[in-house]
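Please read the structure below before turning to the comments.
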Amino acid sequence: MELTYRAMRSEDIKKLTPMMKAAFDEDTRMHTELLEDGPWGYDNGKLLQRMLEQERTDCQVILFEGRMIGAYSVMKNDNMYVLDLLFIKPELHSKGIGISVWNDIEMHYPETTKWLVETPEYSKRNRHFYKKCGFQEVKIHTYEDGEASVLLIKYRNRPKIVIREYCEERDFSVIIEANKKEYSKTFQEALIEDYKQALKISVTYVAYADETYCGYIRCLTDGVYTTYCCEILVETEFRRTGVGRLLLEKIKEKYPKTCIDVLSDQDDFYLNNKFILLGSGMRRLVKPRKKL
C-alpha cells in the first residue's frame, strides 16, 4: 500500500472539499436520520481554509498511489497534539487505509507523547476506529446547541503515575483550579480558606504523572471501621487511565481494615472498583429545604 503525503495548498481545497463532504455525509447517514451534516465549513471549503491559516497547524494531503484521496490536520500544542481532521474518500473506507494513515501520522510526530481527537458522540464507526488506533474515550462534551461529542486521548510512552501524600505548598493551588474547572457553576470563592483547612484535617492523596497533576482523593476516617470518601476528582485527560483506581488503592493500603463509603453520582466507576450498592444515601442540607 503506497501512501504518501505532502503539505496542503490553497489550490487543493476545491478538490478536497467534495471528498470531505462525502465522507462526513456518509457517516451522518449511517448514524442519524439526516442525509448530510458536518462541522462548519465542511461543504464549502471554509473549514480547510481556516485550518490552513491557523498557526501551529500542519495540514497534509493524503496520496494513494499518487492520487489524492483525503487529508488530515494536526494542531501542535506544547503538552499534546490534536488531530483536528482526518478524512478519506468513502469508496476507500474499510480497506485498512485509515489505520495505515494513523500509523504514519504517529511516526511523523515522534516528539509528542499525548494525542487528542474529538468525534461526534453518535458516530459509532469513528469511535471504534480511534479505539483500534489505541485511543481511550475520556469525556463526552455537550455544546450549547445540544450536540455532543466524544473526546479521546492516546498516550505514547505513558508516564508512570505516582501517588503522593498531600502537601499544601505543592498541591493546594492545583486542586483549587481543578475544582473551579469541574464545578464552575457551583464553586464558591468565599469558601477557599475553609477548604484549605478541610484538606489539612482530611486524608488526602494526590496523583502525578512525572510532574503533571492528575487528580486527588480526600477522605475522612475513624481508622477502625469506616473511611468516607469525600471526593475524588481526576483531570479529564487522565480519566479511564487507572488514576482513580490507584487513588482508591492508596486509601485501602493506608486503612486496610476499614470499609470505604461514598455518596456517588458516578456509580459505574465505583462498581468497577469493587464497591457494592448498599441501602440508600441521605443528606441533611446546610439549609434544609422547605417541606411541601
Side-chain angles (χ1 to χ4, degrees), residues 24 27-28 31-32 37-40 57 72-86 102 105-106 109 112-159 161 163 171 174-187 205-210 212-218 229-248 262-273 275:
F24 276 100
D27 192 62
T28 297
H31 298 103
T32 75
D37 193 30
W40 176 88
T57 297
Y72 73 79
S73 175
V74 170
M75 184 173 67
K76 304 175 184 180
N77 286 329
D78 294 334
N79 296 325
M80 73 170 75
Y81 280 15
V82 180
L83 182 61
D84 262 347
L85 181 71
L86 170 59
W102 169 249
I105 291 173
E106 278 199 295
Y109 307 97
T112 187
T113 59
K114 185 165 54 179
W115 284 93
L116 174 69
V117 68
E118 183 175 359
T119 195
E121 182 187 17
Y122 63 71
S123 183
K124 295 180 180 179
R125 182 174 66 173
N126 283 356
R127 293 165 71 172
H128 176 69
F129 168 75
Y130 287 118
K131 287 178 182 178
K132 283 181 65 176
C133 292
F135 284 80
Q136 291 182 312
E137 294 184 1
V138 294
K139 184 179 181 181
I140 294 178
H141 179 75
T142 303
Y143 291 92
E144 292 182 358
D145 61 2
E147 294 293 323
S149 65
V150 177
L151 299 178
L152 301 97
I153 282 182
K154 180 176 182 178
Y155 293 91
R156 296 179 62 191
N157 304 318
R158 183 194 298 274
I161 304 298
I163 309 300
D171 304 321
V174 290
I175 287 176
I176 290 298
E177 289 306 312
N179 276 271
K180 286 181 180 180
K181 182 170 57 178
E182 184 73 12
Y183 308 113
S184 58
K185 295 182 179 179
T186 58
F187 186 84
Y205 286 95
V206 187
Y208 282 87
D210 293 334
T212 301
Y213 166 79
C214 304
Y216 79 105
I217 187 170
R218 183 176 75 88
C229 180
C230 304
E231 67 254 5
I232 178 170
L233 180 58
V234 176
E235 291 289 277
T236 299
E237 63 197 78
F238 288 98
R239 291 173 188 174
R240 301 189 184 183
T241 64
V243 172
R245 175 180 53 79
L246 290 173
L247 288 166
L248 285 169
V262 65
L263 285 174
S264 168
D265 57 3
Q266 298 289 334
D267 288 356
D268 287 346
F269 167 74
Y270 291 102
L271 291 172
N272 288 333
N273 281 280
F275 283 70

Indicate the ring-plane relationship of Tyr109 and Tyr72, choosing parallel, tilted or perpendicular according to the 30° and 60° boundaries. perpendicular
Test salt bridge (charged side-chain N to carboxylate O under 4.0 Å, His left out), reference Asp27, set Arg127, Lys124, Arg125, output is Arg125
Closest non-hydrogen contact found for Ile232 with Gly244 is CD1-O, 3.7 Å
Any side-chain heavy-atom pair of Trp115 and Glu106 under 4.5 Å: yes
Just wondering, do Thr32 and Asp37 contact through their side chains at under 4.5 Å, heavy atoms? no
Heavy atoms of Cys229 and Val262 approach each other most closely as O-CG2, 3.9 Å
Validation row: Phe275, Asp267 side chains within 4.5 angstrom (heavy atoms): no
Between Phe269 and Leu248, does the side-chain contact (heavy atoms from CB on, under 4.5 Å) criterion hold? Intermediate values first, please. CA-CA 11 Å; Phe269 167 74; Leu248 285 169; 3.8 Å; yes
Do Val150 and Phe135 come close enough that some side-chain heavy atom pair is under 4.5 Å? no
Gln136-Tyr155 side chain donor-acceptor pair, cut-off 3.5 Å: no
How about Tyr208 and Phe238: are their ring centres within less than 6.0 Å of each other? no
On a heavy-atom basis, which atom in Pro120 and which in Asn126 lie closest, and how many Å separate them? CD-ND2, 4.5 Å
Do the non-hydrogen side-chain atoms of Tyr213 and Asp171 ever get within less than 4.5 Å of each other? no
